[in-house]
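Read through the structure below, which is laid out as structure tokens, and then see the notes.
Just so you know, these numbers use all the heavy atoms, side chains as well, and skip hydrogens, waters and symmetry mates. These figures come from a predicted structure and were not determined experimentally.
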Amino acid sequence: MVRTNEELVYEIQQACGTCELEKEEKLKSELYNKNTGLIFEISQGYKKVYAQSQEDREDIDGEAKTAFFKAIQTYNPTKGAFSTWAHDQIQFAMLDWVRSNGRIWIPVKLKPLVEAYDSIVEAYKNEHCGEEPTEKTILVELNKIVKVSKDRLYDIKLARNTKN
């Protein structure tokens with residue numbers, strides 16, 4: 001009989017509550033094996049961007065696995081599907097790992113926009129005795145180069161403040 005994630009989580013939580021450790025471990029293993037694709041997909045994305053060594057890759061995999069098992073303990077059926085809950089918990093753990101290891105980088109696609117932003121600011125300062133341009137001025141000038149929304153401008157400003 002194939003059990004759903006939610007059924008397995010319920011059984012794991014019951015086994016934990018009654019101290020049936022062997023049953024709990026067997027069910028956790030079954031649930032983990034059933035969801036390795038989900039866990040792998042999330043950790044793989046972070047490894048591609050943030051892992052600089054084999055140790056980093058192992059750390060990311062370990063964080064993802066730990067977050068998955070924590071999701072089992074904190075899951076409540078009123079929160080929706082277990083896979084969605086686990087996905088979110090793993091994502092949060094990955095972001096915590098990135099932040100705690102100082103791994104925030106400017107995405108490759110954003111670098112040219114940051115450079116254009118800096119050029120616009122510098123040119124404006126040169127033309128206006130060192131005065132800083134307004135956000136509206138920068139947006140207008142950027143849109144002469146490439147179409148940029150206010151949200152994208154916000155991303156560019158954040159990227160400028162990020163240390164690589």
To the closest 0.5 Å, what do you measure between [atom1] ([X]) and [atom2] ([Y])?
X	Y	atom1	atom2	result
Lys65	Lys70	NZ	NZ	14.5 Å
Tyr46	Asp59	OH	CG	15.5 Å
Ile60	Ile90	CD1	CD1	13.0 Å
Lys34	Ser29	NZ	OG	13.5 Å
Lys79	Asp88	NZ	CG	11.0 Å
Ile156	Leu142	CD1	CG	5.0 Å

Which heavy-atom pair separates [X] from [Y] by the least distance, and what is that distance?
X	Y	result
Ala64	Ile39	CB-CG2, 3.9 Å
Lys147	Asn143	CA-OD1, 3.2 Å
Ser43	Met94	CA-SD, 4.5 Å

Can you tell if the side chain of [X] reaches within under 4.5 Å of the side chain of [Y], non-hydrogen atoms only?
X	Y	result
Trp85	Thr74	yes
Tyr124	Glu131	yes
Leu113	Tyr117	no
Lys47	Gln44	yes
Asp56	Tyr50	no

Item to check | Results of salt bridge (Lys or Arg N to Asp or Glu O under 4.0 Å) for Glu7 - residues two or more places apart only | outcome: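 Glu7 satisfies salt bridge (Lys or Arg N to Asp or Glu O under 4.0 Å) with no residue once adjacent residues are dropped.
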Checklist entry - Listed by chain and number, what are the salt bridge (Lys or Arg N to Asp or Glu O under 4.0 Å) partners of Glu30, not counting sequence neighbours? => result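 Only Arg3 meet the salt bridge (Lys or Arg N to Asp or Glu O under 4.0 Å) criterion with Glu30.
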Checklist entry - Are Glu24 and Lys28 ion-paired here, with the side-chain N under 4.0 Å from a carboxylate O? => result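 Salt bridge present between Glu24 and Lys28.
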Checklist entry - Are Lys144 and Glu141 within salt-bridge range, i.e. N to O under 4.0 Å? => result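 Judged by the 4.0 Å cut-off on N to carboxylate O distance, Lys144 and Glu141 do form a salt bridge.
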Quick check: is [Y] connected to [X] through a chain of hydrophobic side chains (ILVMFWY, heavy atoms under 4.5 Å apart)?
X	Y	result
Phe68	Phe40	no
Phe92	Ile72	no
Tyr32	Tyr10	no
Leu38	Leu95	yes
Val146	Ile138	yes

Checklist entry - Is the number of heavy atoms from other residues, nucleotides or ligands within 6.0 Å of CD (Glu135) greater than 12? => result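 No.
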Checklist entry - In this structure, are over 12 heavy atoms from other groups packed under 6.0 Å from Glu22 atom CD? => result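 No - once you tally the heavy atoms of other residues, nucleotides and ligands closer than 6.0 Å, there are 12 at most.
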Next on the checklist: Side chains of Glu55 and Ser53: any donor to acceptor distance under 3.5 Å?
Outcome noted: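 Side-chain D/A pair, Ser53 to Glu55: absent.
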Item to check | Step-by-step side-chain contact (heavy atoms from CB on, under 4.5 Å) determination, Tyr75 to Gln13 | outcome: CA-CA 9 Å; Tyr75 176 69; Gln13 290 173 344; 4.2 Å; yes
Item to check | Exam field: side chain Glu6 to backbone Phe82, donor-acceptor pair closer than 3.5 Å | outcome: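 Present.
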